[in-house]
Amino acid sequence: MQSKYKTPLTGLFLMGAGLMTITAWQEDDPITQGLLIAAIIVLTTLAWRHLSRRAWALMIPLCALLLLALLWHAPKTYAISVWLWPIMLLAPQPRPMRYALLVAAALGWWHMQAPLGMAQATLSGALLAALMTLGFAKAIEHSRLRQELERRYRLTPEDSLWSLNRLREDLSVEWSRRQRENVYAELLVIRPYQRGHTVRWRLRERLAALIHAFERCYRVDAQTFAVLLISKDEQHAALRRDAISTELQEHCRIRIAPVAPDLDPITLGDELSVQNSGLHCRQEATDHA
């Protein structure tokens, strides 16, 4: 979702970086030139990197600070930059950060409106307020769409991953089946040592190749994946578990737990993130009925 959300903005980021490069080349003030160079680096990073939600959460405050510093240092020269505030609202970010952008936009306008006349200051303030309102409304709509996407069973139609909500439902179903039939189910939670879109994509492909057609891969969070293995008995499950862990253990942390009524994928993922060894297998406390 993040890559799809970012892609339409790539051209805009590159255009902004190009314009700032031209402006920085013509700028004589070293402070302003330094701020513009920092902004060029940030915009180029936003355009070319597959950023996680946490990276976006760091980039947006950095962009806001750079823009506010530029308006504060040279309000007359770069007063037109005040219209960038509504665009920044559209990037993925937590709600408190959007409120901070509203405050920063108001501060930037207040500092640059002094040289303007009353009529121009009032008109620019009204237009900025209207654009910020529209940007905030659009950002809320994007957040709602992302939440709806996360609630889908399959994350995208062509994707092999299923959602966390579907995993919770399947755990309940498999526990019920385990009580009725002679089957054994266990959950494998997997997180690669390395980060990055390519690493996650390769792991998804390998997991899809290692499981049966009737089994599914799930995404617990941005870095953590899960596989629900269905076997005819515990001996067969151990063979499959060993085969998968041997294939993945060199590049991933793995945590394995038998399906139980109180099994929580989020808790298992948190335990996985702090475990020291590459593989940990949780044993059942009691046999199921």
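We count residues from 1, following the sequence as given.
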Assess whether side-chain contact (heavy atoms from CB on, under 4.5 Å) is satisfied between Asp264 and Asp262, documenting all intermediate values.
CA-CA 6 Å; Asp264 182 15; Asp262 58 347; over 6 Å; no
Less than 4.5 Å apart, any side-chain heavy atom of [X] and any of [Y]?
X      : Y      : answer
Gln194 : His251 : no
Leu66  : Leu68  : no
Met132 : Leu102 : yes
Phe225 : Leu203 : yes
Leu128 : Pro86  : yes
Leu229 : Ile211 : yes
Arg166 : Tyr218 : yes

Count I, L, V, M, F, W, Y as connected when their side-chain heavy atoms are under 4.5 Å apart, and connections chain through other members. Are [X] and [Y] then in the same cluster?
X      : Y      : value
Leu228 : Ile266 : yes
Ile140 : Leu101 : yes
Leu167 : Phe214 : yes
Trp110 : Leu131 : yes
Val173 : Val220 : no

So which pairs with a foot in residues 117-129 pass salt bridge (charged side-chain N to carboxylate O under 4.0 Å, His left out), sequence neighbours left out?
none
According to side chain to side chain donor-acceptor pair (under 3.5 Å), who are the partners of Arg253, at least two apart in sequence or on a separate chain?
none
Please lay out, stage by stage, how Leu164 and Arg168 fare under the test side-chain contact (heavy atoms from CB on, under 4.5 Å).
CA-CA 6 Å; Leu164 178 61; Arg168 289 193 171 110; 3.6 Å; yes
State the [atom1]-[atom2] distance between [X] and [Y], to the nearest 0.5 angstrom.
X      : Y      : atom1 : atom2 : value
Glu234 : Leu239 : CD    : CG    : 12.0 Å
Ser231 : Glu215 : OG    : CD    : 6.5 Å
Arg202 : Leu207 : CZ    : CG    : 14.5 Å
Asp170 : Trp162 : CG    : CH2   : 8.0 Å
Ile254 : Glu247 : CD1   : CD    : 10.0 Å
Cys252 : Ile190 : SG    : CD1   : 7.0 Å

Can you name the nearest heavy-atom pair linking [X] to [Y], along with the distance?
X      : Y      : value
Trp175 : Ala260 : CE3-CA, 3.9 Å
Asp242 : Ser245 : O-OG, 3.0 Å
Pro265 : Leu171 : CG-CD1, 3.7 Å
Val227 : Cys217 : CG2-SG, 4.1 Å
Pro258 : Tyr184 : CB-OH, 3.5 Å
Ala64  : Met97  : CB-CE, 4.3 Å

Determine, stepwise, if the pair Arg241 / Ile256 fulfils side-chain contact (heavy atoms from CB on, under 4.5 Å).
CA-CA 8 Å; Arg241 176 201 316 147; Ile256 305 170; 3.1 Å; yes
Could I get the full list of side-chain contact (heavy atoms from CB on, under 4.5 Å) partners for Leu134, not counting sequence neighbours?
none
Sorted by chain and residue number, the salt bridge (Lys or Arg N to Asp or Glu O under 4.0 Å) partners of Lys138 (sequence neighbours excluded) come out as Glu141
Just jot down the salt bridge (Lys or Arg N to Asp or Glu O under 4.0 Å) partners of Asp221, sequence neighbours excluded, or say none.
Arg191
Please check: side-chain N/O of Arg255 versus main-chain N/O of Gly269, any donor-acceptor pairing under 3.5 Å?
no
Would you confirm whether Ser176, through its side chain, and Ser172, through its main-chain N or O, come within 3.5 Å as a donor-acceptor pair?
yes
Per the ring pair (Phe, Tyr, Trp, His ring centres under 6.0 Å) rule, what does the pair list look like for residues 86-108, sequence neighbours excluded?
Tyr99-Phe136
Are Glu174 and Arg177 ion-paired here, with the side-chain N under 4.0 Å from a carboxylate O?
yes
